[in-house]
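Structure first, commentary second.
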Amino acid sequence: MLRIAQTLEAQLRAAMQQAFPEADGELNPALGPASKPEFGDFQANGALALAKPLKQAPRQIAAAIVEQLRNSPEFSALAEAPDIAGPGFINITLKPSVLAAEVRQRIGDPRLGVAAVEQAEAPVIVDFSSPNIAKEMHVGHLRSTIIGDCLARVLEFRGHQVLRLNHVGDWGTQFGMLITHLKQVAPEALNTADAIDLGDLVAFYREAKKRFDDDEAFQTTSREEVVKLQGGDATSLKAWGLLCDQSRREFQKIYDRLDIRLSERGESFYNPQLPAVVDDLRDSGLLVTDEGAGCVFLEGVVGKEGKPLPLIVQKSDGGFNYATTDLAAIRYRLGAAGDGAERVIYVTDAGQAAHFAGVFQVAKRAGWVPAAASLEHVPFGLVQGDDGKKLKTRAGDTVRLKDLLDEAVERAQADLRRRLEEEERQESDSFIDQVATTVGLAAVKYADLSTNRITNYQFSFERMLALTGNTAPYLLYAVVRISGIARKGGALDGELPEQLVFEEPQEWALIRQLLQLDAVISEVESDLLPNRLCTYLFELSQSFNRFYDQVPVLKADEPMRSSRLALCRLAADTLKLGLSLLGIPSLERM
RNA sequence: GGGCAUGUAGCUCAGUUGGAUAGAGCGUCAGAUUCCGGUUCUGAAUGUCGGGGGUUCGAGUCCCUCCAUGCUCGCCA
């Protein structure tokens, strides 16, 4: 309905201009969706803002605008006569014939009325997931991976050329630590593939980190090891390559399971560009050496004792750090010699907000950000347990992502088996496996996506797997119900009747909901808030269930039967598309 | 101490450029079922939108202040 909204907006603007030519320039219809169904489809609040400059009562202004609209044949073709309500709202209700025509247009359309961007222009980069090599993926990677994938899917569906980049932590101090430690305790791991398994590697990593924190000599050796690696030392590079390969295969198992596609381009990719980044900063006069480190002092950010806060781009030992890498990445991603992107989206936890603000500022001051390009940090909150604290295992360890997904699927399966028993249903093991896997993983994804990402999020298997409420199972069930109608003889892809006939309020409510899809997707595209899409799909499911409960489909007479089947088809297609944009596959039965 | 974020019903959370009587789910209570999968639907109760001030015709939304919680503050990422 975006197209209709745009048309109405233009008509309202013209009506305002005709009614109040003297107020030209500040006329804004303030058109939005109606705040309640009883107010119609749209409401225009523009009359209220004009009260002061025009020195007239807002209702009087609204009346003058409505008068113009009534005289407009173009407006009358779209909408009923508008109402004036409250202090001066103009309520607009679309004609049933217009809504029915919109429905008809969407049926069978693979894009369901969602426009694609004009041209495949410069790419959009979504930087997400980004685990660290030599570590297992844990609950801390969950949100970035799921949210980033969803945003990428939405942008891709809109027709953007999306680069899904996995900025893995495959470089830096951590490798110095790990390689130094392994040289001493498990040297075979540094020249033989898979000499030790990943679980052990993680344990070694923990030990190395502990030594690094406690032992100054070890710290120095580790730093030297980093410099060797960054300098291209053959032995170090080989060891590094082996560790990366091993981790990469483990990550891929998780990505395959979650159906997530990513192109790996780790921190190491930017290594050759780091000296040039610092040189550029020096040439542009931004670089200051302070306490032996290469710094760019940030504008508008004050640290302790009123001193400006530096962004360190070269450590006093000559090494580079993550700020340097992130700057190199920006330069490469936005630069014509690199990706030439127009928008770069970083999906990382909110704790890094200050870091990105600093890096973005320096990149802009260095002139690496073209006017048309944008850098956006998409922050999200912590995953917390039921106790409101950071999620941990009972033993107090970090929760491995694999274990978390396993448990979700196991719980979904136990729940399914119990229900099958209660209902005395017989299903094959492969059916049970497939449904439990889909439901379990869908529940994890949906629970994460359905809350506003900025706040912390309380993780609860029980809540996310619940069959009622705003959960993945509830949405999946709505799709299953429609499939049920198809199985019982309702050909969903049958010929459309000459005229679609709708007469029940539940049908109109469902139609209005269905026609919101394009507006919701465009909102997610700009605000990068997947929970808006979730809310929409949940409300759509509710509208459908109300319709399903109160309006018979298969038993109805023609032409209502065909019209209702068409609504079912559009509802199923919309739900399936919406779920797929969340990264969730649908089921025929469950 | 500085910066950023958060604070909305018993619980988990929505609330889109400031707009009509602040919403939903869960839970609670009361109902519905000859019917396409009841994993459903209908209805009820529940609020100092953290406190206080301000701007405005109008504030959960913007500004100031205070309180609480979390994150962060120079060589990890």
Side-chain angles (χ1 to χ4, degrees), chain A residues 28 30 32-33 35-36 39 43 45 48-49 51-52 57-58 85-89 91 130 132 169 171-174 177 209 212-213 223 267 290-295 301-307 309-317 319 321-323 325-326 348-355 357 379 381-382 384 388-390 419 423 425 450-452 454-458 460 463 466-471 473-474 476-478 480-490 519-520 523 526-527 529 531-532 534-535 538-539 542 545-546 548-550 552-556 564 568 589-590:
Chain A
N28 177 11
S35 57
K36 287 187 181 180
F39 298 150
Q43 64 182 61
N45 304 341
L48 294 160
K52 202 164 201 182
F89 303 112
N91 289 337
S130 309
N132 289 324
W171 210 238
T173 312
Q174 51 185 354
M177 280 165 25
K209 175 90 173 86
F212 187 85
D213 291 340
R223 291 227 167 91
E267 294 172 347
D290 194 70
E291 294 174 32
C295 304
V301 188
V302 189
K304 285 173 186 162
E305 297 150 26
K307 274 180 67 177
L309 210 67
L311 185 76
I312 295 180
V313 296
Q314 187 159 29
K315 301 187 282 184
S316 47
D317 65 3
N321 62 7
Y322 72 123
T325 307
D326 282 345
T348 78
D349 69 280
Q352 297 191 50
H355 165 69
L382 287 173
Q384 301 175 316
K389 292 183 180 159
K390 200 171 168 180
R419 288 197 332 272
E423 296 167 24
R425 263 171 76 189
S450 61
T451 151
N452 186 314
I454 295 163
T455 51
N456 292 343
Y457 140 67
Q458 209 171 91
S460 161
R463 270 202 299 273
L467 307 170
T468 60
N470 187 7
T471 65
Y474 179 87
L476 289 171
Y477 182 62
V480 164
R481 284 185 127 180
I482 302 174
S483 304
I485 292 178
R487 274 196 300 278
K488 284 282 161 60
V520 170
E523 202 177 293
S526 55
D527 297 344
L529 290 172
N531 66 302
R532 296 273 165 78
C534 293
T535 302
F538 176 55
E539 285 172 356
Q542 285 183 310
N545 277 328
R546 222 162 277 147
Y548 180 93
D549 190 59
Q550 294 159 15
V553 175
L554 295 179
K555 284 189 163 184
R564 289 171 188 173
C568 288
R589 297 195 302 127
M590 65 190 280

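Proteins come first, then strands; the chains are lettered A, B, ... in the order of their sequence lines, and each starts at number 1.
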Legend entry - Residue Tyr548(A), side-chain heavy atoms: nucleotide from G38(B), G15(B), C35(B) that is nearest: G38(B)

Legend entry - RNA chain B: 5'-proximal contact among Ile312(A) and Asn45(A) (nearest heavy atom): Asn45(A)

Inset, instruction - Answer yes or no for this row: Phe538(A) ring on A24(B) base, centroids under 5.5 Å, planes under 30°. - result: no

Inset, instruction - For Ala293(A), report the nucleic acid contact type (base, sugar-phosphate, nothing); a contact means any heavy atom under 4.0 Å. - result: base

Inset, instruction - Describe the nucleic acid contact of Val480(A) in one word from base, sugar-phosphate, nothing, applying a heavy-atom distance below 4.0 Å. - result: base

Legend entry - Between A32(B) (C1') and Arg546(A) (CZ): distance, integer Å: 15 Å

Inset, instruction - May I ask you to say what Asp290(A) touches in the nucleic acid, namely base, sugar-phosphate or nothing, with a heavy-atom cut-off under 4.0 Å? - result: base

Legend entry - Nucleotide forming a Watson-Crick or wobble pair with C62(B), both distances under 3.5 Å: G54(B)

Legend entry - Atom-to-atom span, CE of Met590(A) to P of G38(B) - whole angstrom: 13 Å

Legend entry - Separation between the P atoms of A30(B) and A45(B), rounded to whole Å: 15 Å

Legend entry - hbond_proxy Arg419(A) side chain to U39(B) base (donor-acceptor, 3.5 Å cutoff): yes

Inset, instruction - Could you state the atom-to-atom distance from CG of Asn531(A) to C1' of G25(B) in whole Å? - result: 14 Å

Inset, instruction - Considering just the side-chain nitrogens and oxygens of Tyr474(A), establish if one lies under 4.0 Å of OP1 or OP2 belonging to A24(B). - result: no

Inset, instruction - Identify whether any heavy atom of Gly169(A) sits under 4.0 Å from a base atom; if not, whether one sits that close to sugar-phosphate; answer base, sugar-phosphate or nothing. - result: nothing

Inset, instruction - Record whether the side chain of Asn456(A) comes under 3.5 Å of the base of A5(B) through a donor-acceptor pair of N or O atoms. - result: no

Inset, instruction - Could you please name the option among C36(B), A77(B), C75(B) that lies closest to any side-chain atom of Tyr322(A)? - result: A77(B)

Legend entry - Under-3.5 Å donor-acceptor pair between Asp549(A) side chain and G38(B) base: no

Inset, instruction - Using a 4.0 Å heavy-atom cut-off across all strands, classify Gln43(A) as base, sugar-phosphate, or nothing. - result: base

Inset, instruction - Kindly say if Asn452(A) contacts the phosphate of G15(B), meaning a side-chain N or O under 4.0 Å from OP1 or OP2. - result: yes

Inset, instruction - Look at the side-chain N and O atoms of Thr468(A) and state whether any lies under 4.0 Å from the OP1 or OP2 oxygen of U40(B). - result: no

Inset, instruction - Indicate whether OP1 or OP2 belonging to A20(B) is found under 4.0 Å from a side-chain N or O atom of Lys36(A). - result: no

Legend entry - Check: Thr451(A) and Asn531(A) side chains under 4.5 Å, non-hydrogen atoms: no

Inset, instruction - Ignoring the backbone of Thr451(A), work out which of C36(B), C13(B), G38(B) is nearest its side chain. - result: C13(B)

Inset, instruction - Could you work out which one of U42(B), A77(B), A24(B) sits closest to the side chain of Asn321(A)? - result: A77(B)

Inset, instruction - Please determine, for the side chain of Asn545(A), which listed nucleotide (A77(B), C41(B), G23(B)) has the closest atom? - result: C41(B)

Inset, instruction - Assess whether one donor atom and one acceptor atom, taken from the side chain of Lys307(A) and the base of G2(B), lie less than 3.5 Å apart. - result: no

Inset, instruction - Using the C1' atom as the reference point in each nucleotide, state the distance between A14(B) and C49(B) in Å, no decimals. - result: 13 Å

Legend entry - A24(B) and U46(B), which share atom name P, separated by this distance in whole Å: 14 Å

Inset, instruction - Could you check how far CG of Asn470(A) sits from C1' of G27(B), rounded to whole Å? - result: 16 Å

Inset, instruction - Looking only at side-chain atoms of Phe89(A), point me to the closest of G19(B), U40(B), G74(B). - result: G19(B)

Inset, instruction - Please work out if Ser316(A) contacts a base, only the sugar-phosphate, or nothing of the nucleic acid, heavy-atom cut-off 4.0 Å. - result: base

Legend entry - Rounded distance in Å between the C1' positions of C63(B) and G25(B): 34 Å

Legend entry - Proximal nucleotide (of U39(B), G19(B), C57(B)) relative to the Lys52(A) side chain: C57(B)

Legend entry - Complement of A68(B), any strand, by Watson-Crick or G-U distances under 3.5 angstrom: U6(B)

Legend entry - Pairing nucleotide - A44(B), Watson-Crick or G-U, each distance under 3.5 Å: U28(B)

Legend entry - Nearest-neighbour nucleotide for the Leu382(A) side chain, U42(B), G70(B), C75(B) considered: G70(B)

Legend entry - Which residues share a ring pair (Phe, Tyr, Trp, His ring centres under 6.0 Å) with Phe538(A), sequence neighbours left out: Tyr474(A)

Legend entry - Counter-base of A20(B), judged by Watson-Crick or G-U geometry with both distances under 3.5 Å: none

